[in-house]
Amino acid sequence: MSGKYEKLQQQFLCCYPVNKMAWSSVAFPLSWEDQQELIAATCGHPLNRRFPVRRSYLEAFLKQLMHLLRDQEDVHDDIYSSLCGPMGEKASTGSVTPSAYAYKHYLIEPGAHITLRESRSFVAEGTTGLCTWEAALALGDYLLQHRDLVAGRNIVELGAGAGLLGVLLKLPALQLKTGQVLLTDGSEPCVQLMRENIALNFRDGPREAMPQAEQLNWDAVSEFPWHAHPEPDLLLAADVIYDDSQFDALLSALDFLYTRRGKGLETLLASTVRNVDTLHKFMTQLGDNNYKVTPCANVSACASHFCRDHTAAVQIISIRR
Ligand SMILES: C[S@@+](CC[C@H](N)C(=O)[O-])C[C@H]1O[C@@H](n2cnc3c(N)ncnc32)[C@H](O)[C@@H]1O
């Protein structure tokens with residue numbers, strides 16, 4: 001990470017909202033060299049050059065930067081040339097259209113970053129899972145703060161979406177020493193995307209060294225080839241409690257897995273608190289099904305390895321039976 005613009009760089013690369021960025025950490029007015037350094041740390045970063053963030057985000061970032069430089073006589077050429085980059089991906093018709101996907105880069109600590117291809121839309125191809133949600137970032141933070149929870153454990157994630165947590169858990173630079181990590185989702189496009197994202201972050205290596213991704217719909221949990229995977233010790237699920245029509249399917253999937261594995265199984269469930277009633281309804285159903293629910297530490301109090309917008313509270317609970 002570049003020292004002077006480290007925070008801005010981390011925020012830019014993961015498309016953190018432009019109006020919430022750490023602009024106060026930048027000492028305006030900026031000299032010609034400082035402008036060049038700031039652009040090199042953000043738009044010109046090698047990760048962004050190779051796997052660009054979405055074009056509309058880059059434009060919003062540069063617009064804000066030019067606004068903040070408005071009283072200066074000299075605006076560096078690199079700012080203009082960053083604005084004049086390619087406008088989108090060429091469609092097969094030859095016309096230039098914005099791509100439905102772009103990249104985000106999560107700089108976690110020096111030497112450890114994750115690159116994910118994500119959808120530009122929160123809902124696409126019939127799923128909400130093609131981009132990373134706040135609860136996954138919060139759960140990632142929580143696991144980095146409590147490494148003992150994952151060390152030596154075989155982990156299965158339900159509703160894993162774009163695959164951030166699985167990549168995080170197996171990232172060699174973090175040395176989390178997890179057992180096998182299996183990412184699952186009911187949506188076929190999510191599974192394809194997770195596999196792509198795994199390939200982006202891991203070179204070929206032994207199966208245990210990288211996460212696996214498989215399609216698993218909670219309705220069909222008993223048909224999944226569990227024999228081909230180690231018994232899970234830990235289940236993870238982030239931002240899966242928003243649609244109460246899915247509660248029965250999720251509870252029956254949990255019931256199946258806890259019945260197989262017994263008391264040794266723990267689930268960490270992270271939920272963004274959007275609708276208190278929906279969350280409360282799921283908690284009640286967990287109680288009715290004899291699960292023991294323990295709230296985990298307040299995640300917003302954790303030091304954040306990810307750029308998180310702390311306006312939405314994220315609740316993390318541990319579920320045992
Ligand atoms: C809001 S997204 C969260 C994705 C990811 N966990 C995150 O936090 O970034 C919810 C995910 O749950 C998956 N999902 C919803 N219902 C499901 C079901 N019945 N079976 C399996 N996956 C399901 C969706 O496909 C989607 O990927």
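Note that ligands are numbered from 1 as they come in the structure, with each ligand's atoms numbered from 1 the same way. Hydrogens, waters and symmetry mates play no part in the numbers below; they use all other heavy atoms, side chains included.
Thr115 places none of its side-chain heavy atoms less than 4.5 Å from the side chain of Leu13.
For the 3.5 Å distance criterion, the side chains of Ser99 and Arg54 fail to qualify, holding no donor opposite an acceptor.
Between His105 and Phe51, the ring-plane angle classifies as tilted under the 30° and 60° cut-offs.
Listed by chain and number, the residues in a salt bridge (Lys or Arg N to Asp or Glu O under 4.0 Å) with Glu266 are Arg153, Arg320 (sequence neighbours excluded). Residues passing the ring pair (Phe, Tyr, Trp, His ring centres under 6.0 Å) test with Phe61 are Phe12, Trp23, sequence neighbours excluded. The salt bridge (Lys or Arg N to Asp or Glu O under 4.0 Å) check on Lys63 picks up nothing, with sequence neighbours excluded.
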Check ligand 1 for close polar pairs with the protein: N or O on both sides, less than 3.5 Å.
| unit_1 | atom_1 | unit_2 | atom_2 | d |
| --- | --- | --- | --- | --- |
| ligand 1 | 6 (N) | Gly159 | O | 2.8 |
| ligand 1 | 6 (N) | Ala238 | O | 2.9 |
| ligand 1 | 8 (O) | Ala238 | O | 3.3 |
| ligand 1 | 9 (O) | Trp133 | N | 2.8 |
| ligand 1 | 19 (N) | Asn217 | OD1 | 3.4 |
| ligand 1 | 19 (N) | Gln246 | OE1 | 2.7 |
| ligand 1 | 20 (N) | Asn217 | OD1 | 3.4 |
| ligand 1 | 20 (N) | Trp218 | N | 3.1 |
| ligand 1 | 22 (N) | Gly186 | N | 3.1 |
| ligand 1 | 25 (O) | Thr127 | OG1 | 2.9 |
| ligand 1 | 25 (O) | Asp185 | OD1 | 2.6 |
| ligand 1 | 27 (O) | Asp185 | OD1 | 3.4 |
| ligand 1 | 27 (O) | Asp185 | OD2 | 2.6 |

